[in-house]
A.B. asks: 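One structure is given below, represented as structure tokens, and several questions about it will come after.
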Amino acid sequence: MRKVLEVSLETLAAIGGFVDIGDIVANSETGARFRMSLAWGGVLGVIGIVLYAEMSGRVATLSHRPVFDLVRERLGARVALVNLVASFFINFLTLTAEIAGVAVTLQLASGINYLAWIPLVALMVWFTMWRVKFSVMEKVYGLLGLALIVTVVAVFRLHEFHTIVREATNLHRPSTEDWPTYFYFAIALFGAAMTPYEVFFFSSGAVEEGWTRKDLMVNRANVYIGFPLGGALSLAIMAGAALLLAPRGISVDHLSQAAIPVTFVLGKLGLGILIFGMGIAFFGAALETGLSGGYIVSQFFGWQWEKFVKPVDAPRFHLVILVSVILAAAFGLTTVDPVKVTEYSIVLSAAALPLTYFPILIIANDPEYMGDKTNSKFSNALGFFYLVLLTAIAIATIPLMIITKAGA
Amino acid sequence: MRKLLPVVALAVLPACVGPALWFDAYAGKAGATASDMRSTVETARFVALVAARGRALSPYVGVILTDAEQDASAIEGAFDSIQPPNPRADQLRGQLDELLSKASSTISEMRIAARRDQLTQLQQIAQPLAGISDQLETFAEAHTP
């Protein structure tokens, strides 16, 4: 019974912890511009993250080594250093966007400019990473993030389910958009779902919590149930924008606009719950990205990195986190647009994915590490398909960014 | 540092407003500007509707209208900074500028009312935006390539 409760809690936390500012921005923007015609991009991303997060969790559990440790071993120090620089930069952009995102939700609730909130949010993010236990942090923010279910409720209250399904299953490009822009936004949705920090955090978390073979069930429940249901929240955000913003010609340039559909349908209570849910989701993601930055740098250089050891025993790990948070807050305070930072971070994420996911696929097939838990033929076929797709996306992203003027 | 310059240039490029050397290019930019402003106008109208029904929190309405006001001002400023290439373009500029200016000032009035917690008056203040939105849509359709 206790195990069932634990698995249920972990799964619920995975649902609530899945959505971050990238998902909200990408899904709102595409819903408003492309209605549901790009839903496949998000679905493809969710299947990809399910596949590779399960692999990385399994690899970390059985090898007791997190992903970036293995990236360095398999790719060699030089290529891994390229991956480290790219991943750390994208992680930094995401951390900036999440901290600024929390500040914007506080602005929506209070009316006080978000710039005034950034230092306080950064302090709270750092303090939580410094003091709060990993397991408590992960569960509390994941569970509170379930408030975002309000987006699903709003869509159901619109009674347009048949329209959503029809549009989502009818693959087409709106006549107002060209193909490069269509694919640029598909990549944005894909990148928002498959951000590298998720596997860095997930696999490092498996080592932090000392997962054993018995915990593989928790791993599977997390990714097979939690992630797709988290992805459903993202699709609900897209659907709300498609049903209420697209017909009015409203394009989403601010987080405040992403909240209009829920506000229109559910009123003040719905808006309050949504603002709370978004704030918690962004805060949780700020913790994940902040920790991920510390994890990957420490794992690359072979420093002590676990959160369960005292900070004095992992000083360089905590220093990387502290400096990252300070720099992210400083970048946010330059008045850089949080939505633009988010857009760049998710699209660049998509470009950097192969370097992270390739080593996972290799290790997941190595019986020396995995024993009898190597990939099935189906996982390998799907994993290989995604690797080819990720490589194609990595090649296409920057040219598409230039051609479309970043989706303008 | 030199190696980084192309990367920085690529990142900054999408934010730049390029020059319009001939009428068609100018008209295309005018059409895109009208479309962007229409999105801002519709945001303001939709929020006014929600606020009038008592469904939105006051700080939220203030923030969204402040964002809309800043967007409107930025759109207007960006369009005005484009050099019209000939007298025909001057005429187009005048036509669109009038719409942009009306939209901007109406949204500013809405922001002032929202900050004073006069949410019920928003729809009345927003009334001119309906006509402006239609005109912006017609303009955008006529001039978007």
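Lettering of chains follows the sequences in order, A, B, ..., and the numbering in each one begins at 1. As a basis for the values below, the full set of heavy atoms in this structure was taken, side chains included, without hydrogen atoms, waters or symmetry mates.
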A.B. asks: By number, which residues in residues 85-96 of chain A have some heavy atom less than 4.5 Å away from chain B?
C.D. replies: none
A.B. asks: Check whether A:V265 gets within reach of chain B through its side chain, its backbone, both or neither, counting any heavy atom under 4.5 Å.
C.D. replies: backbone
A.B. asks: At a 4.5 Å cut-off on heavy atoms, which part of A:T263 comes close to chain B: side chain, backbone, both, or neither?
C.D. replies: both
A.B. asks: Counting heavy-atom pairs closer than 4.5 Å to chain B, which one of A:S256, A:G111, A:A259 comes out on top?
C.D. replies: A:S256
A.B. asks: Chain B heavy atoms under 4.5 Å from A:L266: which part of the residue, side chain, backbone, both or neither?
C.D. replies: backbone
A.B. asks: What I'd like to find out is whether the side chain of B:D71 reaches to under 4.5 Å of the side chain of A:H254, using heavy atoms alone.
C.D. replies: yes
A.B. asks: Using a 6.0 Å cut-off, check whether atom CZ of A:R173 has over 12 heavy atoms from anything other than its own residue.
C.D. replies: yes
A.B. asks: Find the one option among A:G270, A:G272, A:S110, A:A32 whose heavy-atom pairs under 4.5 Å with chain B are most numerous.
C.D. replies: A:S110
A.B. asks: Under a 4.5 Å cutoff for heavy-atom pairs, which residue among A:V104, A:L271, A:T176, A:V252 has the most contacts with chain B?
C.D. replies: A:L271
A.B. asks: If the contact rule is any heavy atom under 4.5 Å from chain A, which residues of residues 36-66 of chain B qualify, in numerical order?
C.D. replies: B:R38, B:S39, B:E42, B:T43, B:F46, B:V47, B:L49, B:V50, B:R53, B:G54, B:R55, B:A56, B:L57, B:P59, B:Y60, B:V63, B:I64
A.B. asks: Identify which part of A:A109 has an atom lying under 4.5 Å from any heavy atom of chain B, answering side chain, backbone, both or neither.
C.D. replies: backbone
